Amino acid sequence: MRATKGTIGRSVDQPNPNIRFYLFHGPDEAQSRALASRLLEALGAAKYVVSGGAIKSDPAVLVDEASALSLFGGKRLIWIEPAGKEIEAGLMALLEVPSLESAVVAITGTLTKTSTLLKVSESSPMAISYASYVPEGQEAERMVIDLGRRFGLKIRPPLAARLAAAADNDQAVVGQELEKLALYVDASPHAPKELDDAAIDAVGADSSEGNFQRLADLALGGDIEGLAEELTKLTSGGSEAIPVVRSLQRRLLFLAPARARIERGETLESVLTSFGRTLFWKDKAAVTSMLQKWSADELATAADRTSKLERALMFTSAPEYEALGEELFAIARKARSR
């Protein structure tokens with residue numbers, strides 16, 4: 001079945017037990033990932049990752065994992081990311097067995113209309129497919145407001161528009177910002193709080209000034225000398241550390257899904273072309289180099305380390321300037337080794 005904007009929310013928040021396969025595809029992989037996470041939460045399940053390569057080698061693996069009982073007795077959601085043509089045989093087998101213990105979710109990029117994966121998912125009553133596109137205008141505002149509600153934040157439309165613009169309408173970045181803002185104002189779903197401009201001014205993504213993106217790109221590009229020179233321009237008190245970390249996070253969230261697409265067979269040039277205006281022409285050479293240096297797994301690890309660094313900078317007495325420099329140089333040394 002093909003879900004729509006009006007039905008997808010209910011499909012993941014109140015999952016139908018008869019649905020055993022969810023396909024989230026389209027150019028906005030951050031939104032697809034967010035929908036899969038909502039499904040995981042609604043099911044009260046544990047995430048169990050199965051690679052597309054494993055399913056390609058043995059299509060029966062998908063049925064075996066979806067049929068298996070959890071060792072600890074809880075529910076599982078079988079998670080495939082990135083997914084593509086390699087899981088088609090496994091999907092066909094999945095839809096033929098009488099019953100399963102666990103549902104399966106697959107996350108992928110843009111699919112053609114002739115894709116078997118898409119055709120099967122749209123035609124089967126036991127499957128749901130949904131195409132995610134980057135929201136714009138009022139749709140972006142609604143995305144921020146709805147996502148904020150999940151963190152206990154009440155957000156007025158003008159503030160939602162500001163947050164969406166600061167994050168380039170990227171749902172993954174918006175989610176990270178809202179999580180930090182909820183911590184800052186002490187909001188939760190059980191104790192919602194009104195979000196105001198003062199909180200965004202204090203910790204929001206658009207509070208940074210200067211060329212913080214350059215520091216992130218120097219690190220990811222392996223330019224140790226250039227990074228050292230730029231770091232000397234930061235104030236010794238480290239007040240610029242958080243904006244630099246956020247610039248690094250945004251770049252990593254851009255690179256990771258792009259690199260995953262390359263690893264599943266797309267050419268570097270076709271991936272870059274697909275971003276259109278979202279990739280500034282001056283950044284193309286740097287982004288090309290980064291995508292050649294880093295694997296998808298390494299980018300995911302870097303993103304996780306960066307998130308932990310930001311939490312340490314915000315909520316502990318860690319020396320900001322030193323902690324930031326240490327992490328950036330670690331990333332630069334890793335990139336230079338390639």
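Remember, predicted model here, so these are calculated numbers, not experimental data. Just the heavy atoms: all of them, side chains too, but no hydrogens, waters or symmetry mates, feed the values below.
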Exercise: identify the closest heavy-atom pair between [X] and [Y]:
X	Y	answer
L43	P15	CD2-CG, 3.6 Å
R20	L100	CD-CD1, 3.6 Å
G325	L231	CA-CD1, 4.1 Å
G221	A335	C-CB, 4.0 Å
L35	Y130	CD1-CD2, 3.6 Å
A164	V144	CB-CG2, 3.9 Å

Atom [atom1] of [X] and atom [atom2] of [Y]: how far apart are they, to the nearest 0.5 Å?
X	Y	atom1	atom2	answer
R150	E179	CZ	CD	12.0 Å
F24	S132	CZ	OG	7.5 Å
L94	S67	CG	OG	8.0 Å
S247	R214	OG	CZ	13.0 Å
N16	Y22	CG	OH	6.5 Å
I107	E29	CD1	CD	8.5 Å

Salt bridge between E225 and R336, side-chain N to carboxylate O under 4.0 Å?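 A salt bridge is present here (some side-chain N lies under 4.0 Å from a carboxylate O).
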Note: E81-R264 ion pair, threshold 4.0 Å (strictly below):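 Judged by the 4.0 Å cut-off on N to carboxylate O distance, E81 and R264 do not form a salt bridge.
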Look at the side-chain heavy atoms of Ile, Leu, Val, Met, Phe, Trp and Tyr, link any pair under 4.5 Å apart, and say whether [X] and [Y] land in one connected group.
X	Y	result
V244	L299	yes
I224	L218	yes
L95	V105	no
L77	F21	no
M92	L111	yes

Which residue in the set V49, L23, L91, L62 passes side chain to side chain contact (heavy atoms under 4.5 Å, CB included) when paired with I80?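 The side chain to side chain contact (heavy atoms under 4.5 Å, CB included) with I80 is passed solely by L62 among V49, L23, L91, L62.
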Between [X] (side chain) and [Y] (backbone), is there a donor-acceptor pair under 3.5 Å?
X	Y	value
K154	P192	no
E139	G137	no
D196	A199	yes
T7	A3	no
S289	A285	no
R76	E65	yes
R259	W294	yes
Q31	Y133	yes
E263	A296	yes
S124	V120	no

Can you tell me if NZ on K193 sees more than 12 non-hydrogen neighbours from other groups inside 6.0 Å?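 More than 12 within 6.0 Å, yes.
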Around E326, counting heavy atoms of other residues, nucleotides and ligands shown, do more than 12 lie under 6.0 Å from its CD?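 For E326, atom CD is not crowded (no more than 12 foreign heavy atoms under 6.0 Å).
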Run R251 and V287 through side chain to side chain contact (heavy atoms under 4.5 Å, CB included) and show every step you take. CA-CA 9 Å; R251 183 62 89 198; V287 168; 3.9 Å; yes
Does the side chain of [Y] come within less than 4.5 Å of [X]'s, by heavy atoms?
X	Y	result
L291	L272	yes
S121	L118	no
V245	Q249	yes
R33	W79	yes
R261	P82	no
V185	L181	no
T306	E310	no
I155	L178	yes

Candidate pair T288 and Q292, rule side chain to side chain contact (heavy atoms under 4.5 Å, CB included), full reasoning: CA-CA 6 Å; T288 298; Q292 292 170 331; 4.0 Å; yes
Kindly determine whether R38 and E41 satisfy salt bridge (charged side-chain N to carboxylate O under 4.0 Å, His left out), including the steps that lead there. CA-CA 5 Å; R38 286 170 64 178; E41 181 180 345; over 6 Å; no
Please lay out, stage by stage, how D217 and D223 fare under the test side chain to side chain contact (heavy atoms under 4.5 Å, CB included). CA-CA 9 Å; D217 288 351; D223 187 347; over 6 Å; no
For L227 and I331, run side chain to side chain contact (heavy atoms under 4.5 Å, CB included): C-alpha distance rounded to whole Å, both residues' side-chain angles, the deciding distance at 0.1 Å, then the answer. CA-CA 11 Å; L227 176 62; I331 290 173; over 6 Å; no
